[in-house]
Student: 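Structure provided below as structure tokens; questions to follow.
These numbers come from the heavy atoms of this one structure, side chains and all, not from hydrogens, waters or symmetry mates.
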Amino acid sequence: SAVTFAVGTAYRVEKKTRDRSLKSNDGTYIGNWQVNASTVGFTIDKTTPTVGVLVPANNQDYKTITTISGTYTEATAGIETNGLQIIVKADYGGGKYWDEPTTSWKTQTELQGLGRWPSWTNVTVYQTSWSYAGISDANWQLNNSRWHRIWVKAVDKANNSRIPTTQNVIDSVNSDSYFRYDKEEPDSILLSPTPGSAIKTALLTLSGTAEDVNFGSGVTDAKIRISSGTAADGPYWQNPGWGSSVWLPKTTLVSADWT
């Protein structure tokens with residue numbers, strides 16, 4: 001009858017055989033049995049591995065990304081060799097994808113011509129985590145102020161798999177991480193007082209503009225420093241009094257303006 005196997009349980013099957021050898025002095029002897037049985041061990045695993053991306057985190061902005069990392073769960077069969085892979089996409093224009101063999105960004109058409117589409121990249125696998133450090137800061141900067149996406153594929157030794165579809169990658173949907181790389185510093189301009197101006201009345205307000213250029217992550221803060229005279233070492237206004245260098249917080253920051 002059919003054997004009932006339980007998921008997640010380890011089993012062992014043993015087998016031994018007998019030949020047709022006879023004994024001339026023993027008519028009841030009907031063959032030699034194998035002394036050491038052959039054995040095979042196996043585990044029933046129907047569970048799909050789970051994966052996640054820790055860095056870069058979803059909907060975050062990054063100035064540097066030295067390592068892409070994440071976690072996975074696969075407690076039964078274990079992850080297959082090269083069973084954890086990622087796709088990294090610079091999500092602008094038609095999209096550019098990280099190509100590990102050339103350590104460069106390439107379009108879908110270029111990768112298809114090289115026979116490497118979709119561009120799955122192997123990661124380093126640990127007991128419950130994974131990482132990839134193959135994209136240099138210089139390569140990230142080629143896509144400065146751009147949003148990126150990461151998809152993760154996982155296949156275990158029982159061939160249970162979690163594989164994002166190629167169409168999802170093309171359409172930039174259902175990614176495991178969506179983040180922006182923003183290396184460029186913001187810029188600010190002092191509007192009041194104007195450079196070199198002579199002021200008769202008390203200066204009650206300083207104001208200007210602040211901008212994170214090239215569609216960056218956005219300005220979140222601004223500070224000012226006021227010095228007396230032309231000396232590079234101040235003295236500086238400390239609110240109140242004059243002394244050593246200090247950066248003072250703005251009063252308001254609304255949109256691209258500050259006071």
Side-chain angles (χ1 to χ4, degrees), residues 7 45-135 139-140 142-183 215-218:
V7 174
D45 181 5
K46 297 183 179 180
T47 304
T48 301
T50 61
V51 295
V53 178
L54 294 178
V55 179
N58 200 44
N59 288 318
Q60 297 296 314
D61 297 284
Y62 289 85
K63 180 179 180 179
T64 59
I65 303 173
T66 56
T67 302
I68 299 171
S69 62
T71 60
Y72 74 92
T73 301
E74 172 47 49
T76 306
I79 291 294
E80 182 62 272
T81 301
N82 297 332
L84 268 177
Q85 297 178 319
I86 61 174
I87 286 179
V88 185
K89 178 181 183 179
D91 197 14
Y92 66 94
K96 289 190 175 183
Y97 304 84
W98 180 248
D99 181 47
E100 167 70 18
T102 61
T103 61
S104 64
W105 301 96
K106 295 193 178 299
T107 64
Q108 177 183 341
T109 300
E110 291 172 326
L111 290 166
Q112 288 172 327
L114 294 168
R116 292 198 291 270
W117 173 257
S119 56
W120 289 108
T121 299
N122 291 326
V123 300
T124 302
V125 180
Y126 307 99
Q127 186 171 359
T128 58
S129 62
W130 57 268
S131 68
Y132 178 73
I135 306 179
N139 276 310
W140 282 119
L142 295 174
N143 304 322
N144 186 58
S145 297
R146 302 293 187 176
W147 287 91
H148 296 68
R149 294 183 183 270
I150 297 174
W151 291 265
V152 185
K153 175 174 72 173
V155 181
D156 70 13
K157 293 179 179 178
N159 206 35
N160 299 304
S161 61
R162 186 258 197 200
I163 304 176
T165 68
T166 300
Q167 195 60 50
N168 280 352
V169 174
I170 294 172
D171 294 340
S172 293
V173 296
N174 298 328
S175 56
D176 296 294
S177 181
Y178 180 55
F179 63 96
R180 179 165 44 191
Y181 181 84
D182 181 11
K183 186 77 171 183
F215 307 101
S217 56

Student: Flag the pair P49 / V155 as yes when at least one side-chain heavy-atom distance between them is below 4.5 Å, and no otherwise.
Tutor: no
Student: Answer yes or no: is there a donor N or O on one side and an acceptor on the other, between the side chain of D45 and the main chain of A77, under 3.5 Å?
Tutor: yes
Student: Which residues pass the side chain to side chain contact (heavy atoms under 4.5 Å, CB included) test with Q108, sequence neighbours left out?
Tutor: Y97, Q112, W117, I170
Student: Taking D99 for the side chain and S104 for the main chain, is one N or O donor matched with an acceptor at less than 3.5 Å?
Tutor: no
Student: Restricting to side chain to side chain contact (heavy atoms under 4.5 Å, CB included), what partner residues turn up for T64, sequence neighbours left out?
Tutor: D137, K183
Student: Do D156 and T76 touch side chain to side chain, with heavy atoms closer than 4.5 Å?
Tutor: no
Student: Please determine whether the number of non-hydrogen atoms from other residues, nucleotides or ligands lying under 6.0 Å from atom NZ of K106 exceeds 12.
Tutor: yes
Student: Side chains of T121 and V123, heavy atoms from C-beta outward: is any pair under 4.5 Å?
Tutor: no
Student: Under a 3.5 Å threshold, yes or no: a donor from one side chain and an acceptor from the other, between T67 and S69?
Tutor: no
Student: What class does the angle between the rings of W140 and Y181 fall in, given that below 30° is parallel, 30 to 60° is tilted and above 60° is perpendicular?
Tutor: parallel
Student: Provide the closest heavy-atom pair for Y178 versus D91 in the form atom of the first, atom of the second, distance.
Tutor: CE1-OD2, 4.2 Å
Student: Do we see a donor-acceptor contact under 3.5 Å between the side chains of S131 and Y126?
Tutor: yes
Student: Look only at the side chain of W105 and the backbone of N139, and say whether a donor-acceptor pair between them is shorter than 3.5 Å.
Tutor: yes
Student: Tell me, please, which residues at least two apart from D176 pass salt bridge (charged side-chain N to carboxylate O under 4.0 Å, His left out).
Tutor: R162
